[in-house]
Amino acid sequence: MSRRFTPKVVTANALAEGDVVYLTEDDRWSRHHFEAELIEDEAHADIRLLLAQSQPQTVVGAYLADARPGPRGPEPVHFREAFRTRGPSNYPHGKQETPASSSL
Amino acid sequence: MYRYTEFDDSFVRNRVAQFRKQVERRLAGALTEDEFKPLRLMNGLYLQLHAYMLRVAIPYGTLDSRKMRQLAMIAERWDKGYGHFTTRQNIQYNWPKLHDVPDMLDALADVEMHAIQTSGNTIRNVTADHFAGASADEIADPRPIAELLRQWSTDHPEFQFLPRKFKIAITGSPNDRAVTRAHDIGLRMVERGGEPGFEVVVGGGLGRTPMLGQVIRAFLPRADLLPYIEAILATYNALGRRDNKFKARIKITVHENGIDTIREMVEAEFPHRRAQFQGGDQALLREIEAAFAPPALRDAPSEAFEAARAADPVFRAWADTNLAAHRHPDHAIITISLKAHGATPGDATADQMRVMADLAERYGHDELRISHEQNVILPHVHKGDLPAVHAALREAGLATANVGLASDIIACPGMDYCALATARSIPVAQQIATRIEDLKLEHDVGPLKIKISGCINACGHHHVGHIGILGLDRAGVENYQITLGGDGTETAAIGERAGPGFAYDEIVPAVERLILAYLDQRESREESFLDAYRRLGPAPFKEALYGKEGRRHAA
Ligand code: HEM
Ligand code: SF4
């Protein structure tokens, strides 16, 4: 019996500035978690991760992170991923600072 | 202050030029991340949670105004206007862009600074007592030795690929402010029959298996230092485990083989190493020592200090907590707190850095130090100048009177920045400090060291905090474990786990209960938290944390 697959998003850091990015369904890298492709199938997840890893000139350290559907799009499950969507809690820096411009 | 030689300068410049090319090739796609990562780490560049982070070494914590101003300039030009001073006497910039980093490194080289060997399995930035060269209790200034070690270890071909990172700390004082027993090698200056030497301690470390260093040589004559350390490193290079990263530090080597075996091997290697040193190191040391000549201290009246102390309670509170005894009785060592209640421990804005640089230049013989407790030191200030310095610090938000007290918290970056973190540590520190300020009791509580790490790597030294806090991830929720009774000084001890951890919103009240329990239990004001813990053992503190009584007290 196969375990139920927890939906995933592909996330990484942008090579040039290190900012957190997410792979979208149309193969862009977005700075918004809610724009990520929510991957519901394990085999598809592997393929998407391979695609991400084949772009070392754009992103660093791609991995699959647990996610769940939300009203605006995918939402993070783990608190670490939630922090990555915002930035640090001691200053309004990172994504919470810049109304982040679209994609890479 | 030690000045770079031409050799030092061209070495650092060449390294920057190399790295500039490496960054270009990385951005152009000619280098993969796997290829690039070791290269960037060799130059102090990490990729953290939200951005890159550049870690810059501040050798033995010593800066002058020129360096401090440059750190401010770099913070403003390429970062977000602030820097984070760490327990390793480094400064970290949290927001550099990859293509700017070579320029940042060039700007550092302009003031004889760099980020080399702030990462990797090399000998890291040598740390030293932050009161070095100033303190009343010192045998000798340890920084010339630290500088000798820095020069000897930088790019040392035999020690670039150690089993794991290697940290050396040195103190010239019997009062250990450099946490020597938690380092791979700890050096403590001692004298035997008038001859200067070192007690050499090996195998200390924190991280997932905290251990205190053990004495490998009770007295090492000064001139034997480099060959002896080489013998230790050679032994470690041969025996240290490369099969398992978690067992690779020398503390495990010492633990697995026993200190006696290690000592035998080191002593057997030592004569060979000794024979290779022909005295060049000692000649170099003499040159270095000249660069650390003590400043010409001024004889001048210090009545202004006594007058301000009598007249101004704010000044008095600051003077009583933030000053330490200087070897010259008319002078004082100022610790500038980077722990304003509610602020991020160790952070300074570019403006604050410039204020500190100005004060050092004007009143402090142009010397500044970074302490492992994430504060900044003005080591040589005439007492007559203290009121003026205090007034300037106040204006810059740098006059918090809490050094050594409960809100003078060490906190690692934790999950607000660090990619390895399992929980946040900065907001916990901010909230504890804010709560303590609300209660207005830290001056009554007296010396208390709270230290927080955001994962078991223990960068926040929690094992040696009187109250240590370790942030963990328990089934997807932040959870904070408390250790009690740790001590990083000459009476070093590893803290003991108090019991089950606390949730994010429970940890601040839990710490408050510990502090109140101490106030209830202490015999007198003279008995510190740590003394009370040592006398009473953990029981009353566990009761405060977990008992019904404790929880009611908090409510
Ligand atoms: C990106 C940030 C950081 C990373 C990735 C990092 C990584 C690590 C790791 C992996 C260890 C455990 C080493 C071992 O036991 O083998 C460690 C230990 C340590 N780090 Fe960090 N660290 C970071 C930031 C810091 C900061 C900001 C400080 C100073 C505030 C610091 C100071 C230390 C200290 C004091 C230890 C424990 C002492 C020891 O046993 O070496 N680290 N760090
Ligand atoms: S203790 Fe953990 S969370 Fe804190 S800085 Fe070190 S590695 Fe990061």
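Please read these numbers as outputs of a predicted model, since none were measured by experiment. By convention in this document, chain letters (A, B, ...) are assigned in the order of the sequence lines, proteins followed by strands, and residues within each chain are numbered from 1.
Heavy-atom distances place the backbone of B:Val477, and not its side chain, under 4.5 Å from chain A. Looking at B:Leu27, the atoms closer than 4.5 Å to chain A (heavy atoms on both sides) sit in the backbone and in the side chain alike. Only the backbone of B:Ala28 comes within contact range of chain A, with at least one heavy atom under 4.5 Å from a heavy atom of that chain.
Among A:Gly18, A:Pro88, A:Ala16, A:Gly61, the residue with the largest count of heavy-atom pairs under 4.5 Å with chain B is A:Pro88.
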Can you list every donor-acceptor pair under 3.5 Å that links chain A to chain B?
unit_1: A:Asn13; atom_1: ND2; unit_2: B:Leu49; atom_2: O; d: 3.2
unit_1: A:Leu15; atom_1: O; unit_2: B:Tyr52; atom_2: OH; d: 2.5
unit_1: A:Ala16; atom_1: O; unit_2: B:Leu98; atom_2: N; d: 2.9
unit_1: A:Pro56; atom_1: O; unit_2: B:Arg26; atom_2: NH1; d: 2.9
unit_1: A:Pro56; atom_1: O; unit_2: B:Arg26; atom_2: NH2; d: 2.8
unit_1: A:Gln57; atom_1: NE2; unit_2: B:Ala28; atom_2: O; d: 3.4
unit_1: A:His78; atom_1: NE2; unit_2: B:Asp473; atom_2: OD2; d: 2.6
unit_1: A:Arg80; atom_1: NH2; unit_2: B:Ala419; atom_2: O; d: 2.8
unit_1: A:Ser89; atom_1: N; unit_2: B:Asp416; atom_2: OD1; d: 2.7
unit_1: A:Ser89; atom_1: OG; unit_2: B:Asp416; atom_2: OD1; d: 2.5
unit_1: A:Ser89; atom_1: OG; unit_2: B:Asp416; atom_2: OD2; d: 3.2
unit_1: A:Asn90; atom_1: OD1; unit_2: B:Tyr417; atom_2: OH; d: 2.8
unit_1: A:Asn90; atom_1: ND2; unit_2: B:Thr344; atom_2: OG1; d: 2.9
unit_1: A:Asn90; atom_1: ND2; unit_2: B:Tyr417; atom_2: OH; d: 3.4
unit_1: A:Tyr91; atom_1: OH; unit_2: B:Asp347; atom_2: OD2; d: 2.5
unit_1: A:Glu97; atom_1: OE1; unit_2: B:Lys80; atom_2: NZ; d: 2.9

